[in-house]
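Sequential numbering from 1 along the given sequence is applied to the chain's residues.
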Amino acid sequence: MTELPRAARAYVCAVAVVCMAAIGLAIPHVHHVADVLSLCGLIVLCASVLTVSETDSQFDVNLGFVLGITAILVTGAAGAMLVAGASALGYVRGGRPLVKRIFNAAQCALAGGASGLVYEALGGKVHTLQPGDFPRVIFVLVCVVVVYGLVNHSLVWAVICFSQGLSLRHQWRQAVPLTSSPYLAYGFLGLLMAALWVNVNPVTATLLLIPLLVTRTTFTNYVEQQRAYDATVAALIQAVETKDHYTRGHSERVAGGSVLIAEQLGLRQEKVKALRYAGMLHDVGKMGVPTRVLQKHGRLTGPEADAIRAHPARGLEMLGDIEFLQEALGGIYHHHERMDGKGYPLGLKGPEIPEFARVIMVADAFDSMTSNRSYRPAMSIERAIDELVACSGLQFDPVMVEAMVTALHARGWRVQGAEEARLPRMEVGSPRAGNGDSPPDTPLLPRQVSAYSSVETDS
């Protein structure tokens, strides 16, 4: 809890207090106590035995949501709040911190209570589902699912934004799809389970969870596969940075900067993940460059510069057959292109350059300028931003530069060998900030690998 920013801590406490007050008001209105206890036991069991890694929860099959919808139809709003709140008792085995368990239970309980009230307000029948209730109950269920999803994800994405300083507007774009088709499918399963629960028996209804458990196992295997992918990428990065120790940590920082830009642009999580891979592996082709060239102090000769310029093509050759990196290849191969067409390897111009490459170009240049090298000290963050703005439209995509600068002002940048730095507010389109220096007429840095680069990157 102490690791959260003050605003996030206050928000979590407020949600927990509101939830406890709501549960206190709901307890006198709880009916069908046996059903409430049975559903509480099921949700605790699912949360205890079948916990997926916290970082991979987006791949989880939401059994809790199915049981929550069932609880609304079987026990009403008051009972649904208790069932959802009981999930906090089940996340011990996964090692989830207490504060997260409390917050998750609180936001689920509030979502369950709110959607339960909507169900009852729309005339939904509690603990009785008959053929005559259809198809009207389907319309009511859709409303319940929408309310549950909106309340649930609004609370979750708000705490993420408070914790990480993200834009609520951009994060909301990613939250909205989570309230649509997957949750509607879970809602209909909850409806079917509730119908069996009240018209047959709870044991028969519980059998519906078996196919969900099988699906969940499949997703768990997928998560393990993703971890193997990450381990492969990490091994490749380590091999690159073993050859070029002056860029130690560069790949991770470029990946982080690329993610900053992508999130500021509101890209979907799938694209953000692929872009992160591209940023981490953008220099993997340097494994084919002689170590003496990579670690040379001072200017490079013509043949040495040519060897460096070949690293995007070498990276494409190395990674071209790896299936999970296919979307990242465009960023890896073209991250040294320029908007004015004077880059390499193909001299692409403007929108011809893949989007991933246009993102990585900015993140790569920014990290290079703000990191120490053997041939020059690091620039200040403010000066590096000045150079990005000065080269916007010529070397860099102006949209990507604006997104990077906006994200830096909002979230800061963890520079090499220093703590995270935050910047004063500055408009991208304004005159250059800092000391007011005009753009230099000569290259800024001693080593200029590309004859076309105004701003140095790790060429």
Side-chain angles (χ1 to χ4, degrees), residues 11-12 14-27 29-32 35-36 39-40 43 57-58 60-88 103-129 133-161 168-169 171-195 197:
Y11 175 76
V12 169
V15 170
V17 169
V18 170
C19 177
M20 288 188 292
I23 290 177
L25 294 174
I27 287 177
H29 302 283
V30 172
H31 303 290
H32 311 290
D35 294 315
V36 171
L39 287 167
C40 284
I43 203 166
S57 59
Q58 67 266 34
D60 197 4
V61 175
N62 202 324
L63 299 176
F65 185 79
V66 175
L67 292 170
I69 295 297
T70 302
I72 290 171
L73 275 63
V74 173
T75 68
M81 285 194 69
L82 296 180
V83 171
S87 63
F103 177 78
N104 288 346
Q107 51 95 5
C108 287
L110 291 174
S115 54
L117 291 174
V118 169
Y119 178 74
E120 295 176 2
L122 293 176
K125 296 181 180 179
V126 176
H127 207 271
T128 173
L129 281 173
D133 297 326
F134 292 85
R136 185 177 182 280
V137 70
I138 296 178
F139 166 75
V140 176
L141 177 69
V142 170
C143 295
V144 166
V145 170
V146 169
V147 171
Y148 195 114
L150 288 174
V151 173
N152 194 342
H153 289 290
S154 296
L155 293 171
V156 171
W157 285 107
V159 77
I160 291 175
C161 292
L168 284 166
R169 178 171 59 88
Q171 291 304 311
W172 181 251
R173 294 179 185 176
Q174 299 183 17
V176 169
L178 297 177
T179 66
S180 55
S181 54
Y183 275 70
L184 286 174
Y186 294 147
F188 285 118
L189 285 172
L191 172 62
L192 179 57
M193 188 171 179
W197 190 286

Worksheet entry | Euclidean distance, Leu141 CG relative to Ile72 CD1, rounded to 0.5 Å |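 One gets 8.5 Å once the value is rounded to the nearest 0.5 Å.
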Discussion item. As an exercise, state the distance from CZ of Phe65 to OG1 of Thr70, rounded to the nearest 0.5 Å.
Written reply: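 So the gap between those two atoms works out to 10.0 Å.
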Worksheet item: Do Val74 and His32 pass the side-chain contact (heavy atoms from CB on, under 4.5 Å) test, and can you show the C-alpha distance, the side-chain angles, and the key distance before you say yes or no?
Response: CA-CA 8 Å; Val74 173; His32 311 290; 5.6 Å; no
Answer whether the closest heavy-atom distance between the side chains of [X] and [Y] falls below 4.5 Å.
X: Tyr11; Y: Leu155; result: yes
X: Tyr119; Y: Tyr148; result: no
X: Met193; Y: Leu67; result: yes
X: Ile23; Y: Leu82; result: yes

Write down the atom of [X], the atom of [Y], and the distance for their closest heavy-atom approach.
X: Ala80; Y: Gly68; result: CB-O, 4.5 Å
X: Cys19; Y: Ala109; result: SG-CB, 3.7 Å
X: Met81; Y: Ala22; result: CE-CB, 3.4 Å
X: Asp133; Y: Thr128; result: OD2-O, 3.7 Å
X: Leu117; Y: Ala77; result: N-CB, 3.6 Å
X: Leu73; Y: Ala194; result: CB-CB, 3.7 Å

Worksheet item: Under the side-chain contact (heavy atoms from CB on, under 4.5 Å) criterion, do Leu184 and Val142 qualify, and how do the steps go?
Response: CA-CA 7 Å; Leu184 286 174; Val142 170; 4.3 Å; yes
Worksheet item: Among Ile69, Ile138, Val145, which one satisfies side chain to side chain contact (heavy atoms under 4.5 Å, CB included) with Phe188?
Response: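 Between Phe188 and the candidates, side chain to side chain contact (heavy atoms under 4.5 Å, CB included) is satisfied uniquely by Ile138.
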Practice prompt. May I have all residue pairs that pass salt bridge (Lys or Arg N to Asp or Glu O under 4.0 Å) and include part of residues 67-83, sequence neighbours excluded?
Written response: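 Residue pairs with at least one partner in residues 67-83: there are none.
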Fill in: Verdict with supporting geometry, Leu129 and Leu191, side-chain contact (heavy atoms from CB on, under 4.5 Å)
CA-CA 9 Å; Leu129 281 173; Leu191 172 62; 3.8 Å; yes
Worksheet item: Counting distance only, does the side-chain N/O of Ser115 pair as donor-acceptor with the main-chain N or O of Gly112 below 3.5 Å?
Response: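 Yes; at least one donor-acceptor contact below 3.5 Å.
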